[in-house]
Amino acid sequence: HPETFEDVGPYGPYRQSRRKEIYMEHAERLVNSGRAYYDFRTDAELDAIKEALIKAGKPPQIEAPEKIVSPDEARARIAKGETAAIRFQVKEKRDYVVNDLVRGDVRFPSDMVGDFVCIRSNGMPVYNFCCAIDDALMKITHVFRAEEHLSNTLRQLMLLEALGYEAPKFGHLSFILGADKQKLSKRHGATSCHDFKEKGYLPEALNNFILLSGWSSPDGREILSREEQIKLFTHERFNSAPAVFDETKLLWMNSEYLRALPHEELWERIQPFLKGAAIDLPEGGDPAWRDRALSVFKTSMQTLADAPRLFEPIDESKFELKPDAAEVKGWPESVKVWEAWKAELQAFSGNHVSEAEFTAMQDRVKNVAGVKGKHLFMPIRVAVIGQPHGAELKILVPLLTKESLLRRVDKCLA
RNA sequence: GUCCCCAUCGUCUAGUGGCCUAGGACACCACCCUUUCACGGUGGAUACAGGGGUUCAAAUCCCCUUGGGGACGCCA
């Protein structure tokens with residue numbers, strides 16, 4: 001991407017610091033036309049005025065001093081080293097109406113604000129002033145921004161009108177709130193895209209989810225491709241009420257996207273998480289192995305960050321009997337099953353047990369040990385992944401080598 | 001305090017005066033599938049904040065109340 005933003009569009013410069021002269025010119029124009037004035041009052045003086053207003057039960061809005069310093073005199077004083085801010089003068093009292101694209105007509109009384117600063121006494125322009133001028137000069141047609149800016153619109157409208165510029169169309173979108181209905185902030189947990197990425201969310205899922213807070217598709221479908229999103233997205237379907245961020249639903253949406261991913265892609269995306277947890281897999285770069293492993297694990301994967309937990313039992317160095325295997329270990333049948341399973345493995349000549357081979361082996365274990373039902377397969381599962389619950393054995397077993405399976409069953413028998 | 005915005009299931013929402021005994025999605029519950037877990041399938045419970053109007057008819061329009069949020073900076 002470009003080093004600077006000087007060239008991103010035809011109405012540059014786009015960097016605020018390079019537009020200082022433009023802002024100053026416009027402020028001067030307002031001063032010359034009597035819509036703004038140089039204000040030499042100090043912070044202390046201004047504070048005293050506000051305090052007095054509050055005491056009198058009035059809103060603390062700054063108004064022009066009794067005697068406005070004339071532009072010529074002001075410039076002369078500034079040339080001698082004095083400093084002054086340039087303030088917009090609100091003057092007449094009337095209503096301004098924004099035809100908000102999300103909320104409809106919103107009416108603001110002009111006395112809602114006092115005379116506001118355009119250029120600080122240090123020469124720097126303020127946000128609302130820059131906004132209005134940039135929108136006009138850069139030929140912005142639509143301004144969509146958060147609801148918190150709705151009342152700022154009044155100032156921008158006043159400025160635009162005084163400068164003789166046409167106002168862009170405005171649309172103020174509602175907030176996304178935390179579960180406590182307060183503005184989303186750090187204490188609500190993840191707040192940046194980076195945070196969500198680290199938690200294992202897919203960018204496309206997060207994007208789709210955010211799209212749906214404050215907007216809905218015409219036919220009510222929720223999972224939309226990038227192309228559909230672009231095609232369908234219109235301001236007419238914005239919701240003016242604020243939305244609560246529901247991570248549970250995000251989780252669901254993420255699992256949907258996750259499961260729809262081609263396996264090669266999914267494999268790539270879980271690598272950082274597997275590496276982070278130092279999971280070492282006996283996959284040997286075999287696409288078929290990855291394919292089988294993914295097809296069995298992705299059904300219980302909601303985020304990429306679930307991968308380490310799911311793949312861990314496959315990593316032999318991490319193999320251990322989990323706490324919930326204790327009950328199975330205590331069953332009298334378990335040892336018989338493990339011994340029969342071990343014998344089957346020892347008699348097996350290949351390196352990897354296939355699905356069909358495993359089914360046959362399990363059958364023979366059933367007969368030899370004289371055990372069936374959960375007393376048969378739960379001990380076998382414990383001897384494979386160290387816990388009695390998990391993915392299907394006939395898929396799990398072929399993921400491991402015969403040697404690894406033997407070492408595992410030995411740990412159970414130890 | 002003043003001004004502004006907002007108000008449908010727990011949550012995201014559909015709904016722009018009759019199609020609404022309010023539809024979908026997540027979550028929840030039950031059942032089915034399954035020799036476990038998950039996936040999947042079927043079904044269920046749950047909402048128009050309250051009060052007044054307008055109208056033959058109101059979730060939908062108007063007013064008030066209540067509740068939530070925002071803005072009132074020489075911050076952005």
Side-chain angles (χ1 to χ4, degrees), chain A residues 16 39 41-43 46-47 50 54 57-62 83-87 98 100 102-104 106-114 116-131 145-155 172-177 179-183 209-223 236-237 239-253 255-256 259 295-302 306 310 324 328 362 366 372-378 380-382 385 387-393 396:
Chain A
Q16 198 165 300
D39 189 352
R41 288 174 292 187
T42 62
D43 283 352
L46 261 12
D47 287 347
K50 284 184 200 167
I54 290 169
K58 289 181 192 163
Q61 294 170 347
I62 299 298
T83 59
I86 296 177
R87 240 177 231 282
V98 200
D100 192 279
V102 179
R103 283 147 217 284
V106 181
R107 186 171 296 270
F108 297 107
S110 59
D111 59 359
M112 199 174 125
V113 293
F116 54 91
V117 170
C118 299
I119 308 282
R120 299 185 181 94
S121 43
N122 67 4
M124 293 300 290
V126 307
Y127 168 79
N128 276 303
F129 188 64
C130 297
C131 265
R145 34 143 71 153
E147 191 188 326
E148 62 186 313
H149 287 288
L150 187 52
S151 23
N152 282 336
T153 312
L154 171 62
R155 288 189 174 90
H172 290 89
L173 315 214
S174 44
F175 288 117
I176 295 178
L177 309 172
D180 54 1
K181 307 228 176 190
Q182 298 296 305
K183 247 175 105 169
F209 177 77
I210 294 289
L211 173 82
L212 256 25
S213 41
W215 183 85
S216 59
S217 70
D219 61 3
R221 281 187 314 124
E222 302 199 313
I223 307 264
E236 281 89 358
R237 297 196 62 83
N239 187 168
S240 48
V244 171
F245 189 92
D246 181 10
E247 192 162 347
T248 309
K249 186 153 184 178
L250 207 211
L251 225 34
W252 163 78
M253 186 161 285
S255 0
E256 292 288 311
R259 282 175 210 135
S295 64
V296 67
F297 289 132
K298 74 173 181 181
T299 57
S300 33
M301 206 186 288
Q302 290 192 291
D306 290 331
L310 294 164
D324 56 350
V328 175
Q362 186 180 235
K366 179 168 75 178
K372 59 180 180 176
K374 69 171 183 177
H375 292 280
L376 169 69
F377 68 82
M378 277 198 177
I380 297 179
R381 176 171 285 108
V382 167
I385 57 169
Q387 58 192 42
H389 301 292
E392 267 190 281
L393 278 171
L396 240 21

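All figures in this text were calculated on a predicted structure; none of them were measured in a lab. Naming convention: chains lettered A, B, ... in sequence-line order (proteins, then strands); numbering from 1 in each chain.
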What protein N or O atoms touch nucleotides 69-75 of chain B N or O atoms at under 3.5 angstrom, if any, and at what distances?
from	atom 1	to	atom 2	distance (Å)
B:rG69	OP1	A:Gln182	OE1	3.1
B:rG69	OP1	A:Gln182	NE2	2.3
B:rA71	O4'	A:Ser151	OG	3.0
B:rA71	O2'	A:Ser151	OG	3.2
B:rC74	O3'	A:Arg120	NE	3.2
B:rC74	O2	A:Ser121	N	3.1
B:rC74	O2	A:Ser121	OG	3.0
B:rC74	N3	A:Ser121	OG	3.0
B:rC74	N4	A:Arg41	O	3.2
B:rC75	OP2	A:Arg120	NE	2.4
B:rC75	OP2	A:Arg120	NH2	2.9
B:rC75	O3'	A:Arg120	NH2	3.1

A:Lys374 meets the salt bridge (Lys or Arg N to Asp or Glu O under 4.0 Å) criterion, sequence neighbours left out, with none

Pairs under 3.5 angstrom, nitrogen or oxygen only, protein versus nucleotides 47-51 of chain B, please.
none

Partners passing side-chain hydrogen bond (donor to acceptor under 3.5 Å, both in side chains) against A:Arg259 (at least two apart in sequence or in another chain): none

What residues form a salt bridge (Lys or Arg N to Asp or Glu O under 4.0 Å) with A:Asp219, not counting sequence neighbours? A:Arg221

Name the nucleic acid region contacted by A:Asp111, choosing base, sugar-phosphate or nothing; use a 4.0 angstrom heavy-atom cut-off, strictly under. nothing

Syn or anti for B:rC6, please, going by whether the chi angle lies within 90° of 0. anti

Residues that A:Lys298 engages under side-chain hydrogen bond (donor to acceptor under 3.5 Å, both in side chains), provided they are two or more places apart: A:His263

Quick one: list whatever passes salt bridge (Lys or Arg N to Asp or Glu O under 4.0 Å) with A:Asp324, sequence neighbours left out. none

I'd like to check the side-chain hydrogen bond (donor to acceptor under 3.5 Å, both in side chains) partners of A:Arg87; sequence neighbours left out, ordered by chain and number. A:Asp39

N/O contacts under 3.5 Å, protein versus nucleotides 35-38 of chain B?
from	atom 1	to	atom 2	distance (Å)
B:rU35	O2	A:Gly373	N	3.3
B:rU36	O2'	A:His389	ND1	2.3
B:rU36	O2	A:Arg381	NH1	3.3
B:rU36	O2	A:Gly390	N	3.0
B:rU36	O2	A:Gly390	O	3.3
B:rU36	N3	A:Arg381	NH2	2.8
B:rU36	N3	A:Gly390	O	2.6
B:rU36	O4	A:Arg381	NH2	3.4
B:rU36	O4	A:Glu392	N	3.4
B:rC37	O2	A:Gly390	O	3.2
B:rA38	O2'	A:Thr299	O	2.5
B:rA38	O2'	A:Ser300	N	3.4
B:rA38	N3	A:Thr299	OG1	3.4

What string of B, S and - do you get for nucleotides 22-34 of chain B 5' to 3' if you count protein non-hydrogen atoms under 4.0 Å? --BBSS-------

Taking only residues two or more places apart in sequence or in another chain, which ones pass ring pair (Phe, Tyr, Trp, His ring centres under 6.0 Å) with A:Phe297? A:Phe311

Could you work out the separation of B:rU54 and B:rG10 based on their C1' atoms and round it to a whole Å? 35 Å

So, taking the atom named CZ in A:Phe116 and the one named CD1 in A:Ile62, what distance separates them when rounded to the nearest 0.5 Å? 14.0 Å

Using side-chain hydrogen bond (donor to acceptor under 3.5 Å, both in side chains) as the criterion, list what pairs up with A:His149, not counting sequence neighbours. A:Asn152

So A:Ser216 and A:Arg237, side-chain hydrogen bond (donor to acceptor under 3.5 Å, both in side chains) or not? Walk me through it. CA-CA 6 Å; A:Ser216 59; A:Arg237 297 196 62 83; 3.1 Å; yes

Heavy atoms, side chains only, cut-off 4.5 Å: are A:Val126 and A:Ile119 in contact? no

